[in-house]
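Report on one structure; see the data block that follows.
Lettering follows sequence order; numbering is per chain, from 1.
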Number of protein chains: 2
Amino acid sequence: MRILLVEDDVEVARFVKKGLQEAGHTVEQAGNGRDGLFLAASEAFDLLVLDRMLPGGVDGVRIVETLRQQDNRTPVLFLSALSGVDERVRGLKAGGDDYLVKPFAFAELLARCEALGRRPSSEAPVTRLKVADLELDLLSRTVTRAGRKIDVQPREFRLLEHLMRHAGQVVTRTMLLEKVWDYHFDPQTNVIDVHVSRLRQKLDRGFDKPLIHTVRNAGYMIRAEG
Amino acid sequence: MRILLVEDDVEVARFVKKGLQEAGHTVEQAGNGRDGLFLAASEAFDLLVLDRMLPGGVDGVRIVETLRQQDNRTPVLFLSALSGVDERVRGLKAGGDDYLVKPFAFAELLARCEALGRRPSSEAPVTRLKVADLELDLLSRTVTRAGRKIDVQPREFRLLEHLMRHAGQVVTRTMLLEKVWDYHFDPQTNVIDVHVSRLRQKLDRGFDKPLIHTVRNAGYMIRAEG
DNA sequence: AACAGCCCATGCGGATCCTGCTGGTGGAGG
DNA sequence: CCTCCACCAGCAGGATCCGCATGGGCTGTT
């Protein structure tokens, strides 16, 4: 598990970090709220262990609130010397997932960390892909744009799914042949062009902002703008 | 939120139930482990609040272990008078998600409950249906029995999905015509029989325990035994 | 200006796949 | 024993779907 520890007390930090690493986890560490928030927002962690009180204006609660506002739902465990019920309630209400009072037994911290890591959040399968106002529902095998249902053929669906899973990235023809057609050679025809064309007509016709873009000499890309 | 409370102490149970209800949740209650396990296994809850110690052999930890074994991942909060670190660690390791020691402040219990309820798990859509060793994956549109992949036609897939969504319940022909065929009248033919027959051949051939059962003059039912 | 390379759209043909009906058989229940 | 219900195999119609080829447009180069 990849864990971010934000703790200013050097002694505690070293103790916790060492223990978590010995349990087989990867630990990144920040010594103040600002750095912690930056790391948490810019990289992907499975769990955040935050000191409730931190020097320099940005404390644990502030970090959580900011992250939650950004739709970042990484589980958070608070660590704090503040033992009052009100404090605990406040930490949990702000979006924390657990609250452990110092001093604590490391075994309990570890158990609670692993309980949080057990959550399906990280392994929950994606069931809907979204690019701008275009949505693809893997479960109902349904495509909608701006709320309007669009009928799509199986092969077109696979093509669109692959494009959307790589939204914002160029997808080469070779990749499409491999992943959508299971061709491991060049069919020497314009199959791809044809299907992209059909998709375009279904998705982009009647909308001013096209989503499927051609990247000359490279492939295709799906993206909201550009 | 739909919460199951398993607690033998009448006083505590009433207190907790009342508080949770006032916070806007629906609360079912069981007074012993056996009933609690049965309820938790047979109905869908968003959260289980379990007393760690329960009379009658089936205690909280046992409940969790059993549920987890059945792939039931409903969040669990333990409530207990046992305050030792070892007890807490044991509860969490068994698959619990939080552990609160009695006596506790109700505000904290509520905050912890709601923290657990915030998880995406409760609203995560079902992507796999399972009956005995038969599995149906809605995402990949794949059927497997005992690990072996089984090819299924679209209509057969819809039929099987509908049966599995009502596993253990009789599904009438009328219901099937409505939900699987979108027929709102009686076609006067044995379409259903034919498709059920085909499904049977694919699913049950080569296995000693059939899963699809005929209920004479009623309909069909999919179930592990009986 | 002409050409080459790349990309786009449409129509068509074929093939597979799928589905629903028929009709005869088996078995359960009365 | 009889009747009704359910099962299964085969069949054929149909529809969907897919890929190819063609002709046209655009871009950038010579």
Side-chain angles (χ1 to χ4, degrees), chain A residues 141-143 150-163 170-207 210-222 226, chain B residues 141-143 149-163 170-207 210-223 226:
Chain A
R141 299 234 134 197
T142 283
V143 179
I150 295 176
D151 279 335
V152 176
Q153 308 287 27
R155 175 125 297 152
E156 290 165 6
F157 189 91
R158 288 180 68 182
L159 172 57
L160 180 58
E161 177 182 350
H162 196 260
L163 286 172
V170 177
V171 180
T172 67
R173 285 156 184 277
T174 315
M175 272 168 63
L176 290 176
L177 286 174
E178 290 268 340
K179 301 296 184 185
V180 178
W181 273 266
D182 296 325
Y183 283 0
H184 299 277
F185 54 91
D186 185 344
Q188 309 279 8
T189 68
N190 65 344
V191 213
I192 294 186
D193 303 50
V194 171
H195 281 267
V196 170
S197 163
R198 288 182 182 148
L199 252 190
R200 272 213 179 99
Q201 298 207 6
K202 295 187 178 180
L203 301 184
D204 287 342
R205 172 154 37 182
F207 294 89
L211 295 178
I212 301 180
H213 305 279
T214 303
V215 183
R216 238 186 131 84
N217 294 321
Y220 297 91
M221 180 171 60
I222 197 164
Chain B
R141 301 232 134 199
T142 285
V143 179
K149 187 166 180 295
I150 296 177
D151 279 333
V152 176
Q153 309 286 26
R155 176 124 299 153
E156 290 164 9
F157 189 92
R158 288 180 68 181
L159 172 58
L160 180 58
E161 177 182 350
H162 196 260
L163 286 172
V170 177
V171 179
T172 68
R173 288 156 183 277
T174 315
M175 271 167 64
L176 289 176
L177 286 175
E178 290 267 340
K179 301 295 183 184
V180 178
W181 273 264
D182 297 324
Y183 284 0
H184 300 276
F185 54 90
D186 186 343
Q188 309 278 8
T189 68
N190 64 346
V191 212
I192 294 185
D193 302 52
V194 172
H195 279 267
V196 170
S197 163
R198 287 181 183 150
L199 252 191
R200 271 211 179 101
Q201 298 208 6
K202 295 188 177 182
L203 301 184
D204 287 341
R205 170 152 38 178
F207 294 88
L211 295 177
I212 301 179
H213 305 278
T214 303
V215 183
R216 238 186 132 86
N217 295 322
Y220 296 91
M221 180 171 59
I222 196 163
R223 187 159 68 168

Problem - N/O (side chain, A:Gln201) to phosphate O (OP1/OP2, C:dT10) under 4.0 Å - result: yes
Completion exercise
Distance col, row A:Tyr183:OH vs A:Ile192:CD1, nearest 0.5 angstrom, shows 10.0 Å
Problem - Any B:Val196 side-chain heavy atom under 4.5 Å of B:Thr214 side chain - result: no
Completion exercise
Between A:Trp181 and A:His195 the two heavy atoms that sit nearest each other are CZ2-CD2, 3.6 Å
Exercise for the section: Write down the distance between CZ (A:Arg141) and P (D:dT16), rounded to a whole number of angstrom. Expected result: 18 Å
Fill in the blank from the handout: Rounded to whole Å, CD1 of B:Ile192 lies from P of D:dC8 at a distance of 15 Å
Completion exercise
With sugar-phosphate taken as primed atoms, P, OP1 and OP2 and all else as base, the protein-contact string of nucleotides 18-28 of chain D at under 4.0 Å (heavy atoms; B, S, -) is SBBBB------
Handout entry: Exercise: identify the closest heavy-atom pair between A:Ile212 and A:Asp204
Key = N-OD2, 3.4 Å
Practice task
For D:dC8, take OP1 and OP2 only and decide whether either is under 4.0 Å from a side-chain N or O of B:Ser197.
Solution key: yes
Exercise for the section: Using whole Å, report how far CG of B:Asn217 lies from P of D:dC7. Expected result: 11 Å
Practice task
Report the distance from atom CZ of A:Arg173 to atom P of C:dG5, rounded to the nearest whole Å.
Solution key: 16 Å
Practice task
Establish, with yes or no, whether the OP1 or OP2 oxygen of D:dC7 is under 4.0 angstrom from a side-chain nitrogen or oxygen of B:Tyr220.
Solution key: yes
Problem - Spacing between A:Ile212 atom CD1 and C:dC7 atom P, to the nearest angstrom - result: 15 Å
Exercise for the section: Could you tell me the separation between the CD atom of A:Gln201 and the CZ atom of A:Arg198, rounded to the nearest 0.5 Å? Expected result: 9.0 Å
Problem - Gap between atoms CZ and C1', on B:Arg200 and D:dC8 respectively (whole Å) - result: 11 Å
Practice task
Round to the nearest Å and state the distance from B:Asp204 atom CG to D:dC8 atom C1'.
Solution key: 15 Å
Problem - Donor-acceptor pair, side chain of A:Arg158 and main chain of A:Lys179, under 3.5 angstrom - result: yes
Practice task
Could you check whether B:Phe157 gets within reach of a base, just the sugar-phosphate, or nothing at all, counting any heavy atom under 4.0 Å?
Solution key: nothing
Handout entry: Interatomic distance, B:Asp193 CG vs D:dC4 C1' [rounded to whole Å]
Key = 13 Å
Practice task
Check for a donor-acceptor pair, side chain of B:His162 on one end and backbone N or O of B:Leu176 on the other, with a separation under 3.5 Å.
Solution key: no
